[in-house]
Amino acid sequence: MTEPTFAGRVSRWYEQHARDLPWRRPEADPWAILVSEVMLQQTPVARVVPAWQAWLERWPTPAALAGSSPAEAIRMWGRLGYPRRAVRLHECAVAIVERHGGAVPDRLEQLLALPGVGTYTARAVAAFAYGQRHPVVDTNVRRVVCRAVAGEPDAGPTTRPADLVATEELLPAEPAAAALASAAFMELGAVVCTARAPRCGVCPVESTCAWRASGRPAPAGPTRRPQRYAGTDRQVRGLLLGVLREASGPVPHQRLDQVWADDVQRARALAGLVDDGLVEPIGATSFRLVGDGPAVPVTG
DNA sequence: AATACGTGGGA
DNA sequence: TTCCCAAGTAT
C-alpha cells in the first residue's frame with residue numbers, strides 16, 4: 001500500500017460527509033447541472049436549492065426554456081441576484097437548441113462559447129455532467145489548494161491559468177475519480193476550509209496542510225473594500241427590476257420614476273438594464289421585461 | 001487588472 | 001447596525 005494521495009483523502013472524506021444536494025444525485029442530467037452551476041455563481045446553496053427545483057420543474061430541457069420568453073426567465077429567477085444570469089441562461093437554451101440539437105454540449109470549447117458560461121462553469125459541466133478529467137477551479141478550490149499546498153492564507157481574487165495547473169496536478173488520472181476529487185475539493189472549501197473560520201479539527205488533510213504547519217498565518221494587510229451597496233446603481237437597478245418583475249407587460253416610466261429620486265442615476269440604471277438585455281423600451285413612455293408580451297406592441 | 005453586477009443571512 | 005460575503009462572468 002502506498003500513502004493515500006491528497007485527492008484520495010479528500011475524496012474519501014467527501015464520500016462520507018458530502019451534503020445531499022439535488023444536483024449531485026444520479027438523476028440530475030447535464031441541463032440540470034448547468035442550471036445549478038449558473039445559479040450557484042455568487043449565490044449561496046441554501047437559496048439556490050428551491051429556485052433550482054422550481055426552474056427545472058417548469059423547464060426540464062433547454063428546448064422548454066427556449067420556448068419561453070426572457071421575461072418569464074427573469075421572473076422565475078426571483079430574487080437570486082444578478083438577474084442578468086437568467087437572461088444568459090435563456091440565451092444558453094436557445095444556443096443549445098440551435099447549435100447542439102437541444103443537448104448540452106460536452107466539449108469544453110463548445111461550453112465556453114455559451115452565454116454566461118466561463119472558465120469555471122464550463123469545466124464544472126464537463127466534469128460533473130460528463131465525467132471528464134478537467135480541473136474545476138472555483139473560489140473554494142483555490143482557497144483549499146492555496147492553503148494546503150502553498151501554505152498561504154488566501155488565494156488571489158481571480159482564477160489564473162496557474163491555479164488550473166496547480167489543481168490539475170492534484171487530480172487522479174482516471175476521469176471519474178478526477179471529477180469526484182474536484183467535487184470533493186469544492187465541498188471541503190465550502191464546509192471545512194472556509195474563508196473566515198476554518199474547521200481544521202475535522203479536516204481530512206490537516207496532517208499534511210502547509211498552512212496549518214506554518215501556524216495558520218493571517219492574510220496580509222487590509223484589502224480595499226468595495227463601495228457600499230446602498231446608493232449604488234446596483235441598488236437602483238434592483239429597485240427598477242423589482243417593479244418590472246411584479247408588473248405584467250409594459251410599465252409607464254412615471255411608475256419607474258417613483259423608485260429613485262435622482263433622475264440622472266435612475267436613467268443610467270435603466271439604460272444599463274436595457275443594455276444588458278433585461279429590459280426593453282415600449283413606445284416612448286413605457287418599459288417592460290424583454291419579451292414580456294407581444295413582440296410588436298399594438299398601437300392605436 | 002480593476003470594476004460592475006443583486007440579494008439576504010450570519011457574525 | 002455594519003460588514004462580509006456565496007460554486008463567477010464580461011468588459
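These numbers come from a predicted model, not from an experiment. Each chain gets a letter, A, B and so on, in the order its sequence line appears, and its residues count up from 1.
Taking atom CG of residue Asp276(A) and atom C1' of nucleotide dT3(B), one finds them 14 Å apart after rounding to whole Å. In this structure, the CG atom of Leu112(A) is 13 Å from the C1' atom of dA10(C), given to the nearest Å. For Arg234(A) and dC5(C), the CZ to P distance is 14 Å, given to the nearest whole Å. In this structure, Leu278(A) places its CG atom 14 Å from C1' of dT9(C), rounding to the nearest Å.
At a threshold of 4.0 angstrom between heavy atoms, the contacts of Leu80(A) include nucleobase atoms, whether or not backbone atoms are also involved. Looking at heavy-atom distances under 4.0 Å, Pro83(A) makes contact with sugar-phosphate atoms alone, never a base. Heavy atoms of Val117(A) sit under 4.0 angstrom from primed sugar atoms or phosphate atoms, though from no base atom.
The phosphate of dC3(C) (OP1 or OP2) has a side-chain N or O of Arg228(A) nearer than 4.0 angstrom. Between Arg160(A) and dA1(B) there is a side-chain polar atom (N or O) within less than 4.0 angstrom of OP1 or OP2. Side-chain nitrogen and oxygen atoms of Tyr229(A) include at least one within less than 4.0 Å of the OP1 or OP2 phosphate oxygen of dT7(B).
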For residues 110-125 of chain A, please give each side-chain donor-acceptor pair under 3.5 Å, one per line with the distance, not counting sequence neighbours.
unit_1    : atom_1 : unit_2    : atom_2 : d
Tyr120(A) : OH     : Glu37(A)  : OE1    : 2.6
Thr121(A) : OG1    : Gln41(A)  : NE2    : 2.9
Arg123(A) : NH1    : Pro135(A) : O      : 3.4

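For Pro157(A) and Gly242(A), each mapped to the nucleotide of DNA chain B holding its nearest heavy atom, the one lying further toward the 5' end belongs to Pro157(A).
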Item checked: side-chain hydrogen bond (donor to acceptor under 3.5 Å, both in side chains) between Gln132(A) and Asp106(A), worked out -> CA-CA 9 Å; Gln132(A) 297 171 20; Asp106(A) 60 357; 4.7 Å; no
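Here the shortest heavy-atom pairing between Arg255(A) and Ala247(A) reads NH2-CB, 3.9 Å.
Panel note: side chain Thr232(A), backbone Tyr229(A); a donor-acceptor pair is recorded below 3.5 Å.
Trp23(A) and Trp52(A) have perpendicular rings, their planes meeting at more than 60° on a 0 to 90° scale where under 30° would count as parallel.
Checking Ser207(A) against Arg9(A) by side-chain atom types alone, a donor-acceptor pair falls below 3.5 Å.
Here, dT11(C) and dG6(B) have their P atoms 14 Å apart, quoted to the whole Å. Taking atom P on both nucleotides, dA7(C) is separated from dA2(B) by 22 Å, rounded to a whole Å.
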Would you tabulate the nitrogen or oxygen pairs shorter than 3.5 Å linking the protein to nucleotides 6-8 of chain C?
unit_1 : atom_1 : unit_2    : atom_2 : d
dA7(C) : OP1    : Asn140(A) : OD1    : 2.9
dA7(C) : OP1    : Asn140(A) : ND2    : 2.6
dA7(C) : OP2    : Asn140(A) : OD1    : 3.4
dA7(C) : O5'    : Asn140(A) : ND2    : 3.1
dA7(C) : O4'    : Asp138(A) : OD2    : 2.6
dA7(C) : N7     : Glu37(A)  : OE1    : 3.4
dA7(C) : N6     : Trp23(A)  : NE1    : 2.9
dG8(C) : OP2    : Gln42(A)  : N      : 3.4
dG8(C) : OP2    : Gln42(A)  : NE2    : 2.8
dG8(C) : N7     : Gln42(A)  : NE2    : 3.4

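Side-chain atoms of Asp154(A) and Pro219(A), non-hydrogen and from C-beta on, do get closer than 4.5 Å to each other.
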